[in-house]
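In what follows, chains are A, B, ... by sequence order, proteins preceding strands, each numbered from 1.
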Amino acid sequence: MEEKTTPAPETPGKDFIREIVEDDLRSGRHQAVATRFPPEPNGYLHIGHAKSICLNFGVAKEYGGTCNLRFDDTNPLKEDVEYVDAIEADVRWLGFEWHGMYYASDYFGRLYDFAEELIRRGKAFVCDLTADEVRATRGTLTESGRNSPYRDRPTEESLDLFRRMRAGEFADGSRTLRARIDMASPNINLRDPALYRIRKATHHRTGDAWCIYPMYDYAHALSDWIEGITHSLCTLEFEDHRPLYDWCLIALDLPNRPRQIEFARLNVTYTLLSKRKLLQLVTGGLVKGWDDPRMPTIAGLRRRGFTPEAIRDFADRIGVAKRDSLVDVALLEHCLREDLNRRAPRGMAVLDPLKVVLTNWPEGTVDELEAVNNPESPSAGTRRVTFSRELYIEKDDFREVPPPKYHRLSPGQEVRLRWGFIIRCEEVVKDPSTGEIVEIRCSYDPTSRSGGEGAARKVKGTIHWVSAAHAVPAEVRLYDRLFTKELPDDAPEGKDWLCNLNPDSLEVKAGFVEPTLSNAAAGAFFQFERLGYFSVDTDSRPGRPVFNRSVGLRDSWAKIEKKGRGA
RNA sequence: UGGGGAGUCGACAAGUGGUAAGUCAGCGGUCUUUGGAACCGCCUAUCGGAGGUUCGAAUCCUCCCUCCCCAGCCA
């Protein structure tokens with residue numbers, strides 16, 4: 001190796017993992033980086049996995065290396081092909097391409113051979129203790145454990161027993177292959193951990209070919225080595241497994257060992273990222289599936305209307321470090337808004353319709369108004385929207401008694417209809433029996449047509465609308481955070497996280513959208529002016545569109561109003 | 001009480017001995033046919049605490065405090 005004579009170039013802002021990778025490349029320790037994303041196919045990927053995916057694939061891409069997708073499928077009891085298919089689709093959707101797609105189960109044969117070698121080297125033994133007995137002899141955090149009575153049985157005997165374990169001669173749980181390390185180690189993971197257990201279960205890929213399955217620590221280290229992984233990135237809870245990871249490779253004298261590096265897993269406010277709990281939400285029917293738009297899963301975020309770009313940007317912004325952190329969900333939402341503001345075509349939709357009749361508009365006539373598709377992007381062009389005598393506006397855009405600073409419609413006041421005319425409220429029609437406002441009668445200013453000379457007038461507010469006769473009924477699903485607490489696990493004594501579920505996380509509106517939105521394809525996204533970003537749900541049908549609110553627009557009026565009420 | 005980690009603005013997060021970036025949130029304002037977007041300000045962090053080394057420390061040393069992870073034949 002050459003001596004470095006030039007100082008390392010300054011690379012401020014890089015996270016500690018990229019610094020390590022750069023050092024290794026610079027020093028010649030590695031010619032190229034190889035990483036892997038190793039999900040267990042026992043659930044759907046979520047935003048926390050997205051962080052890891054962006055890291056692993058991102059590092060590989062940035063330094064001209066490779067990243068594999070590897071399914072860590074060593075526990076047939078929990079895993080399923082449904083999950084491998086979903087994971088594959090999610091990684092691809094996020095925008096990453098793997099160098100190779102592998103399964104830990106691809107290596108079962110080699111892993112088995114390595115295990116025999118470990119026995120031959122005196123580094124592993126077959127133990128006849130039951131799980132309970134192992135637990136009883138493991139010791140505690142402060143007391144060392146006791147050696148298994150089988151720890152020193154002859155190599156040949158362990159070898160024979162291990163072969164018979166594989167052959168299916170023994171019952172589940174009756175024996176394990178254990179590493180021979182140190183029952184007195186202060187690191188509990190090193191107290192002769194199990195390497196193989198008997199599980200007479202059908203594996204989703206290998207079927208019934210095996211009845212013994214390797215444990216994570218063993219399988220993971222060797223799978224990494226087999227694939228030539230240089231940097232094995234994982235989360236903090238595996239930090240004290242690293243000595244065992246290294247032990248597996250050293251015990252077999254394997255050269256060019258991969259290096260495990262741990263980083264902090266992602267936590268997001270108002271969000272749960274535990275596979276077990278997410279599974280519980282799904283199986284318990286508390287949400288409508290893994291892809292429920294309220295779920296933090298990649299599938300859920302996708303259906304909600306998140307873009308891969310927004311998620312990748314989020315991953316970039318939260319960074320990578322070792323300290324436990326709780327990221328504000330507002331940052332995720334911000335990333336989506338920023339992306340969609342640039343790219344989403346605008347449209348008008350009314351979610352809580354209130355009828356407006358323009359009394360001086362000639363009955364039976366319509367007008368075609370020109371509307372800009374995206375003020376942020378002139379190339380998006382314009383479209384025509386139909387205007388007529390009867391319109392729907394948002395209930396919230398009219399107040400009989402306007403609060404201070406209210407810029408919208410109220411008796412005697414003017415408001416501009418976006419891309420249309422300026423109107424004045426002349427009369428409020430109520431249902432005589434209920435007192436409910438059923439219709440607003442207004443006059444319009446014919447000279448104020450958008451683009452016309454009378455349109456230059458300053459009017460306090462602009463509101464969106466839809467032509468009653470032309471608008472298309474649409475189902476609009478408004479989502480709110482799934483949990484009412486920043487930390488959903490923070491439950492009072494005797495209760496659990498389920499008590500923090502937000503009962504109002506979904507509100508369905510029967511609204512109207514402008515005709516151009518009628519046949520939008522599932523997945524298409526729009527900004528409904530003044531309301532937020534919406535995407536077309538997979539439940540949508542031509543002429544009967546269904547929209548999901550992906551994220552609302554920032555709403556400074558809501559803040560003013562809230563403040564007014566508070567004062 | 002064992003071992004492994006971590007503590008920098010409300011939240012993320014740079015900084016690696018030379019005198020505390022940036023982003024989100026929040027606040028105020030400009031502008032505006034989305035109370036959107038954009039733009040401009042503010043957000044006055046002495047860096048968990050106490051000592052010490054040094055001309056000089058968030059960065060080095062010592063002690064202390066707090067938080068997280070580990071006792072699955074789960075990953």
Could you tell me which residues satisfy salt bridge (charged side-chain N to carboxylate O under 4.0 Å, His left out) with [X], sequence neighbours excluded, listed by chain and number?
| X | result |
| --- | --- |
| A:E40 | none |
| A:R530 | A:D397 |
| A:D246 | none |
| A:D217 | none |

How far, in whole Å, is [M] from [N] if one measures between their [atom1] atoms?
| N | M | atom1 | answer |
| --- | --- | --- | --- |
| B:rG22 | B:rG15 | C1' | 12 Å |
| B:rC63 | B:rC9 | C1' | 28 Å |
| B:rU66 | B:rC60 | P | 23 Å |
| B:rA57 | B:rA50 | C1' | 15 Å |
| B:rA45 | B:rG10 | P | 10 Å |
| B:rC74 | B:rG4 | P | 26 Å |
| B:rA20 | B:rA13 | C1' | 13 Å |
| B:rC40 | B:rG7 | P | 33 Å |

[atom1] of [X] versus [atom2] of [N]: gap in Å, rounded?
| X | N | atom1 | atom2 | answer |
| --- | --- | --- | --- | --- |
| A:K460 | B:rU33 | NZ | C1' | 15 Å |
| A:D182 | B:rG2 | CG | P | 17 Å |
| A:H407 | B:rU34 | NE2 | C1' | 14 Å |
| A:F534 | B:rG36 | CZ | C1' | 13 Å |
| A:F16 | B:rG7 | CZ | P | 11 Å |
| A:W419 | B:rG36 | CH2 | C1' | 12 Å |
| A:D397 | B:rU34 | CG | P | 13 Å |
| A:I261 | B:rA6 | CD1 | P | 13 Å |

Problem set entry | Inter- and intrachain pairs under side chain to side chain donor-acceptor pair (under 3.5 Å), touching residues 166-178 of chain A, at least two apart |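 Sorted pair list: A:D128-A:R175, A:R164-A:E169.
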
Exercise. Can you list every side chain to side chain donor-acceptor pair (under 3.5 Å) pair that touches residues 320-329 of chain A, not counting sequence neighbours?
Worked result: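 Output for this query lists A:E239-A:K322.
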
Within the structure shown, what part of the strands sits under 4.0 Å from [X] by heavy-atom distance: base, sugar-phosphate, or nothing?
| X | answer |
| --- | --- |
| A:G552 | nothing |
| A:L77 | nothing |
| A:E262 | nothing |
| A:A456 | nothing |
| A:R408 | base |
| A:Y218 | nothing |
| A:V320 | sugar-phosphate |

Exercise. Between A:E561 and A:K405, is there a side-chain N and carboxylate O pair less than 4.0 Å apart?
Worked result: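 Between A:K405 and A:E561 there is no salt bridge, as every charged N stays at least 4.0 Å from the carboxylate O atoms.
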
Problem set entry | Charged N-O contact under 4.0 Å between A:R343 and A:E376 | no

Problem set entry | Any residue meeting ring-ring contact (aromatic ring centres under 6.0 Å, His included) with A:Y216, in chain and number order, not counting sequence neighbours | A:H220, A:F238

For this session: Describe, in one word, how the ring planes of A:W290 and A:Y44 are oriented to each other, choosing from parallel (under 30°), tilted (30 to 60°) and perpendicular (over 60°).
Result: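 A:W290 and A:Y44: parallel rings.
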
Exercise. For B:rG72, is chi within 90° of 0 (syn) or not (anti)?
Worked result: syn

Residues 453-462 of chain A, side-chain donor-acceptor partners within the protein, below 3.5 Å, at least two apart:
from	atom 1	to	atom 2	distance (Å)
A:R457	NH1	A:D445	OD2	2.4
A:R457	NH2	A:E414	OE1	2.7
A:R457	NH2	A:E414	OE2	2.4

Exercise. Between the base of B:rG36 and the side chain of A:E376, is there any donor-acceptor pair under 3.5 Å?
Worked result: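 Answer is yes: a donor-acceptor pair is held.
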
For this session: Please evaluate the base of B:rU33 for a donor-acceptor partner in the side chain of A:S450 within a cut-off of under 3.5 Å?
Result: yes

Exercise. Which parts of nucleotides 68-75 of chain B does protein reach within less than 4.0 Å, heavy atoms only, written one letter per nucleotide 5' to 3' as B for base, S for sugar-phosphate only and - for none?
Worked result: SBBBSBSB

Problem set entry | Under 4.0 Å protein heavy-atom contact, by nucleotide of nucleotides 23-28 of chain B - B base, S sugar-phosphate only | SSSSSS

Exercise. Which sits closer to the 5' end of RNA chain B, A:G461 or A:G319, going by the nucleotide each is nearest to?
Worked result: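 Looking at RNA chain B, the more 5' nearest nucleotide goes with A:G319.
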
Exercise. Would you say the side chains of A:T386 and A:E368 form a donor-acceptor pair under 3.5 Å?
Worked result: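 There is such a pair between these side chains.
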
Exercise. For A:R342 and B:rA37, is the shortest distance between a side-chain N/O and OP1 or OP2 below 4.0 Å?
Worked result: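 No, A:R342 has no side-chain N/O under 4.0 Å of OP1/OP2 on B:rA37.
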
Exercise. So which pairs with a foot in residues 190-199 of chain A pass salt bridge (charged side-chain N to carboxylate O under 4.0 Å, His left out), sequence neighbours left out?
Worked result: A:R151-A:D192

Exercise. According to a 3.5 Å limit on both distances, what stems of 3 or more consecutive Watson-Crick or G-U pairs are formed with RNA chain B?
Worked result: B:2-7 with B:65-70, B:10-12 with B:22-24, B:26-30 with B:38-42, B:48-52 with B:60-64

Problem set entry | Residue that, paired with A:D224, satisfies side-chain contact (heavy atoms from CB on, under 4.5 Å) out of A:N68, A:T35, A:I229 | A:I229

